[in-house]
Protein chains: 2
Amino acid sequence: MDHQKMLDAVQAYFDRFNVQDAEGVADLYADDATVTDPYPTEPKTGRDAILAFYTAAVKSNSILEQQGSTRIAGNRAAFAFTVHIGGLSSESKAVEVDLPMGKMQIDVIDTFEFNEDGKVTAMTAYWDPAVNLRRE
Amino acid sequence: MDHQKMLDAVQAYFDRFNVQDAEGVADLYADDATVTDPYPTEPKTGRDAILAFYTAAVKSNSILEQQGSTRIAGNRAAFAFTVHIGGLSSESKAVEVDLPMGKMQIDVIDTFEFNEDGKVTAMTAYWDPAVNLRRE
């Protein structure tokens with residue numbers, strides 16, 4: 001698996017989520033992919049379930065802000081980020097948001113597993129509201 | 001699994017590694033644990049192999065510096081950090097090192113899986129020298 005393809009997919013995940021492009025996020029996944037968010041909840045499996053999940057997620061007025069670099073390991077990537085929830089005006093949502101002003105934050109680490117076509121076959125999200133949610 | 005126990009184990013991992021306490025790090029693991037560092041290399045399995053791994057690792061003159069908070073998810077934890085390699089004097093290794101002066105850095109994300117006794121049964125490290133190693 002090409003390193004740059006995996007790095008680009010992670011960057012696209014942030015870029016697409018942050019412009020509320022749920023279809024674009026779902027396109028990063030293989031047709032039979034699983035999304036476990038957060039572990040150990042029941043995985044969302046397959047295109048329809050994954051698109052529905054992200055369609056709801058991008059409506060939450062959230063911005064994902066990456067923390068540090070994307071780690072690559074074999075056919076996997078891992079990356080840390082903060083979700084800024086509830087602080088976006090309708091204006092700032094339109095195009096670019098450099099300074100998210102969220103009212104709550106959740107710290108998350110995600111892992112992606114890739115197939116040879118560069119699609120994500122399994123995403124696992126690590127966070128727990130009792131530990132990783134805080135008010136700004 | 002108690003959140004605080006998992007958070008404490010991650011903190012102990014950093015604290016013990018950073019004083020070159022390989023035995024103390026190995027004590028965080030269950031007897032039949034696996035350490036896959038980095039994925040997808042062959043796992044180190046069981047107390048002897050894990051202790052040998054950390055005994056060698058702490059001799060590398062490295063300091064682990066956590067980035068952001070420890071994420072908890074079910075019986076798992078995930079955490080991001082930077083390894084500062086090769087910058088420790090014999091003096092600074094003795095007790096506390098607040099400002100690591102490493103000459104190389106590796107960005108890593110680790111995941112821990114815990115059993116009901118609070119011991120780590122599986123560690124997976126995400127990093128690739130071609131992507132995550134840089135000179136300071």
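Each chain gets a letter, A, B and so on, in the order its sequence line appears, and its residues count up from 1.
By a heavy-atom distance cut of under 4.5 Å, B:R71, B:I72, B:A73, B:G74, B:N75, B:R76, B:A78, B:F79, B:A80, B:F81 are the residues of residues 71-83 of chain B near chain A, going up by number. By a heavy-atom distance cut of under 4.5 Å, A:E113, A:T124, A:A125, A:Y126, A:W127, A:D128 are the residues of residues 112-128 of chain A near chain B, going up by number.
A continuous path of Ile, Leu, Val, Met, Phe, Trp and Tyr side chains, each step under 4.5 Å between heavy atoms, connects A:Y54 with A:V108, placing both in one hydrophobic cluster. Cluster annotation: B:L51 is not connected to B:V25 through the hydrophobic network of ILVMFWY side chains, with a link wherever side-chain heavy atoms come within less than 4.5 Å. If you chain together hydrophobic residues whose side chains sit under 4.5 Å apart, A:I109 and B:L64 never meet in one group. In terms of hydrophobic clustering, with Ile, Leu, Val, Met, Phe, Trp and Tyr side chains grouped at heavy-atom distances under 4.5 Å, A:Y39 and A:V35 are assigned to different clusters.
Proximity to chain B (any heavy atom under 4.5 Å) is restricted, for A:T70, to the backbone atoms N, CA, C and O. Contact annotation for B:N132: only side-chain heavy atoms (C-beta onward) come within less than 4.5 Å of a heavy atom of chain A. Residue A:L7 touches chain B through its side chain alone, counting heavy-atom pairs closer than 4.5 Å.
Counted within 6.0 Å of CG on B:D2, heavy atoms from surrounding residues, nucleotides or ligands total more than 12; the atom is thus considered enclosed. Within 6.0 Å of CG in A:D48 there are 12 or fewer heavy atoms belonging to other residues, nucleotides or ligands. Dense packing is recorded around CG of A:D27, with more than 12 heavy atoms of other residues, nucleotides or ligands lying under 6.0 Å away.
From B:Q67, atom CD reaches atom OG of A:S69 across 6.5 Å, with rounding to the nearest 0.5 Å.
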